[in-house]
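To keep things clear, I will list the structure first and then write my remarks on it.
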2 protein chains.
Amino acid sequence: MLNQLHHTAEDMIRHNGGRATAGRIGILAILLAEQQAITHREIEQRLPQEQQLDRVTLYRALEWLAEKNLIHKVTSDDRAWRYHANRDVQSHQHAHFKCTCCAQVICLDKLPVERNWPLPAGYRLQEIELTVKGLCANCC
Amino acid sequence: MLNQLHHTAEDMIRHNGGRATAGRIGILAILLAEQQAITHREIEQRLPQEQQLDRVTLYRALEWLAEKNLIHKVTSDDRAWRYHANRDVQSHQHAHFKCTCCAQVICLDKLPVERNWPLPAGYRLQEIELTVKGLCANCC
DNA sequence: CAAATAAATGCAACAATGTTGTGATTATTG
DNA sequence: CAATAATCACAACATTGTTGCATTTATTTG
Ligand SMILES: [Mn+2]
Ligand SMILES: [Mn+2]
Ligand SMILES: [Zn+2]
Ligand SMILES: [Zn+2]
């Protein structure tokens with residue numbers, strides 16, 4: 001099961017012309033297995049003891065994966081990026097939900113906001129970032 | 001003009017039962033004068049030389065002003081809070097625009113998003129945080 | 001398979017932003 | 001003016017992320 005994900009991860013990495021290193025494969029497998037968007041720290045904790053990576057290496061691997069569009073970064077109000085594998089649905093813009101109690105972040109399907117936003121004259125829209133804050137099912 | 005704002009700021013602070021210190025008044029006057037939401041650092045730079053405040057004092061003053069609802073904080077993707085005085089319009093929820101080039105942040109009037117968002121079962125909505133990213137008139 | 005090479009890694013140092021604790025100062029009250 | 005609680009300044013710390021550079025390694029090539 002996790003082995004399957006490792007295989008998938010390796011494929012995804014090779015398809016993008018990157019080196020299939022243990023670190024990258026492990027990180028991407030973790031993100032593929034995860035339902036939520038998780039932080040750098042949480043990824044570190046999920047890595048098996050025998051293949052801990054340097055903080056910087058982890059940051060750079062995540063940066064590479066994001067560049068190649070295999071994962072995406074989510075901004076949060078606690079100053080920590082969260083990362084999540086790109087599934088079909090998430091490849092285009094979508095909103096996020098963050099629990100104000102336990103801080104979990106999940107990706108929501110749609111982005112039900114009109115693209116032609118009423119901006120001041122001369123302003124150009126590039127991207128909409130939307131986070132719904134509230135309580136998750138566990139914290140309600 | 002700026003003197004007028006100082007007077008207004010002092011009134012707002014006293015109305016909330018706080019001590020009218022030079023620091024608080026100066027900070028709030030700066031935020032009242034500003035069209036955009038600005039960072040801690042930018043506030044510091046706008047303070048006259050003779051009344052520079054300690055970083056921590058500035059943080060705590062901003063915290064107090066936000067608690068009293070005289071200003072509001074804006075989350076951004078660059079890990080720095082931005083602050084803006086609460087005018088009538090901004091007292092309720094609104095969206096923000098951030099220029100991806102010069103990083104300026106302005107408050108937008110409305111929040112044209114349906115409040116009854118389609119969340120997973122058991123989830124409860126508290127607040128919607130929306131940032132439109134793009135290019136401002138200067139950077140276009 | 002072995003050597004060559006570019007890519008990835010590990011480590012140390014640094015930067016930005018924000019927080020906590022505590023003793024000194026000050027705005028306000030009477 | 002004196003008393004007092006609120007505010008402030010300073011030092012120390014925490015978290016998250018970045019940069020430079022020497023070392024290691026995955027992949028390619030012969
Ligand atoms: Mn997402
Ligand atoms: Mn605002
Ligand atoms: Zn929760
Ligand atoms: Zn701009």
Side-chain angles (χ1 to χ4, degrees), chain A residues 6-7 9-28 37-45 47-68 70-83 98 103 105, chain B residues 6-7 9-28 37-45 47-68 70-83 98 103 105:
Chain A
H6 275 251
H7 192 82
E10 182 170 347
D11 275 0
M12 292 170 73
I13 291 166
R14 287 195 194 280
H15 270 130
N16 279 87
R19 285 197 189 171
T21 66
R24 282 184 182 169
I25 295 172
I27 293 170
L28 185 49
I38 57 178
T39 63
H40 176 270
R41 189 60 65 97
E42 291 167 324
I43 296 170
E44 209 166 32
Q45 289 165 349
L47 280 170
Q49 211 66 26
E50 75 268 18
Q51 56 148 300
Q52 291 287 322
L53 297 171
D54 185 76
R55 263 163 28 89
V56 177
T57 303
L58 183 39
Y59 276 117
R60 295 206 251 232
L62 289 168
E63 189 182 20
W64 185 87
L65 290 168
E67 257 171 25
K68 298 304 181 184
L70 301 181
I71 66 175
H72 64 278
K73 294 167 78 170
V74 185
T75 307
S76 176
D77 51 7
D78 59 5
R79 310 159 25 86
W81 295 105
R82 284 177 173 74
Y83 303 86
K98 179 172 184 193
V105 172
Chain B
H6 274 251
H7 192 82
E10 182 169 347
D11 275 0
M12 293 170 71
I13 290 167
R14 287 194 193 281
H15 269 129
N16 280 87
R19 285 198 189 168
T21 65
R24 281 184 183 168
I25 295 172
I27 293 168
L28 184 49
I38 57 179
T39 63
H40 175 271
R41 189 60 64 98
E42 290 167 323
I43 296 171
E44 209 167 32
Q45 290 165 349
L47 280 170
Q49 210 66 26
E50 75 269 17
Q51 58 148 297
Q52 290 288 321
L53 296 171
D54 186 75
R55 264 163 27 88
V56 178
T57 302
L58 183 40
Y59 277 118
R60 294 207 248 234
L62 290 168
E63 189 182 20
W64 185 87
L65 291 168
E67 257 171 24
K68 299 302 184 186
L70 301 181
I71 66 174
H72 65 278
K73 293 168 76 169
V74 185
T75 307
S76 176
D77 52 7
D78 60 5
R79 309 157 29 85
W81 295 104
R82 283 176 173 73
Y83 303 86
K98 179 173 185 193
V105 172

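Order of the sequence lines sets the chain letters (A, B, ...), proteins ahead of strands, with each chain counted from 1.
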Treat primed atoms plus P, OP1 and OP2 as sugar-phosphate and everything else as base, then score nucleotides 21-30 of chain D 5' to 3': B for base contact with protein heavy atoms under 4.0 Å, S for sugar-phosphate contact only, - for none.
-> B---BBS---

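The CG-C1' distance, from Asp54(B) to dT17(C), rounds to 14 Å in whole Å. Between Ile25(B) atom CD1 and dA27(C) atom C1' there is a gap of 11 Å when expressed in whole angstrom units. Rounded to an integer number of Å, the gap from CD of Glu44(B) to P of dT17(C) is 10 Å. Atom P of nucleotide dT19(C) and atom CG of Asp78(A) are separated by 12 Å, given to the nearest angstrom. Following rounding to the nearest Å, Glu63(B) (CD) and dA6(D) (C1') show an atom-to-atom distance of 14 Å. Residue Leu53(B) contributes atom CG, which lies 14 Å from atom C1' of dC10(D) at whole-angstrom precision. In this structure, CZ of Arg55(A) is placed 7 Å from C1' of dG17(D), rounded to the nearest angstrom. For Leu65(A) and dA8(C), the CG to C1' distance is 13 Å, given to the nearest whole Å.
For the side-chain hydrogen bond (donor to acceptor under 3.5 Å, both in side chains) condition, the pairs that include at least one residue of residues 11-25 of chain A, sequence neighbours left out, are Glu10(A)-Arg14(A). Residue pairs meeting the salt bridge (charged side-chain N to carboxylate O under 4.0 Å, His left out) criterion with at least one member in residues 51-64 of chain A: none, sequence neighbours excluded.
The nucleotide whose nearest atom lies closest to any side-chain atom of Arg24(B) is, among dG18(C), dT7(D), dG20(D), dT7(D). Here dA8(C) is the nucleotide among dA9(D), dG17(D), dA8(C) with the atom lying nearest to any side-chain atom of Trp64(A).
Comparing the start and finish of the helix from dC1(C)-dG30(D) to dG30(C)-dC1(D), five pairs each, the helix axis swings through 30°, to the nearest 10 degrees.
For His40(B), the ring-ring contact (aromatic ring centres under 6.0 Å, His included) test picks out Tyr59(B), with sequence neighbours left out. In this structure, the side-chain hydrogen bond (donor to acceptor under 3.5 Å, both in side chains) partners of Thr39(A), at least two apart in sequence or on a different chain, are Glu42(A). In this structure, the side chain to side chain contact (heavy atoms under 4.5 Å, CB included) partners of Glu50(A), at least two apart in sequence or on a different chain, are Pro48(A). Scanning for salt bridge (charged side-chain N to carboxylate O under 4.0 Å, His left out) contacts around Glu67(A) gives an empty result, with sequence neighbours left out. Partners of Ala22(A) by side chain to side chain contact (heavy atoms under 4.5 Å, CB included), not counting sequence neighbours: none found.
Note on Arg41(A): a side-chain N or O is less than 4.0 Å away from OP1 or OP2 of dT16(D).
Contact check on Asp77(A) versus Lys73(B) returns no salt bridge, with no Lys/Arg side-chain nitrogen under 4.0 Å from an Asp/Glu carboxylate oxygen.
If you find the closest nucleotide of DNA chain D to Thr57(B) and to Arg79(B), the one lying nearer the 5' end belongs to Thr57(B). Across the interface with DNA chain C, nearest-nucleotide mapping of Gly17(A) and Val56(B) shows Gly17(A) to be the residue nearer the 5′ end.
Only one option out of Leu65(B), Ile13(B), Leu70(B) pairs with Ile27(B) in a side-chain contact (heavy atoms from CB on, under 4.5 Å); it is Leu65(B).
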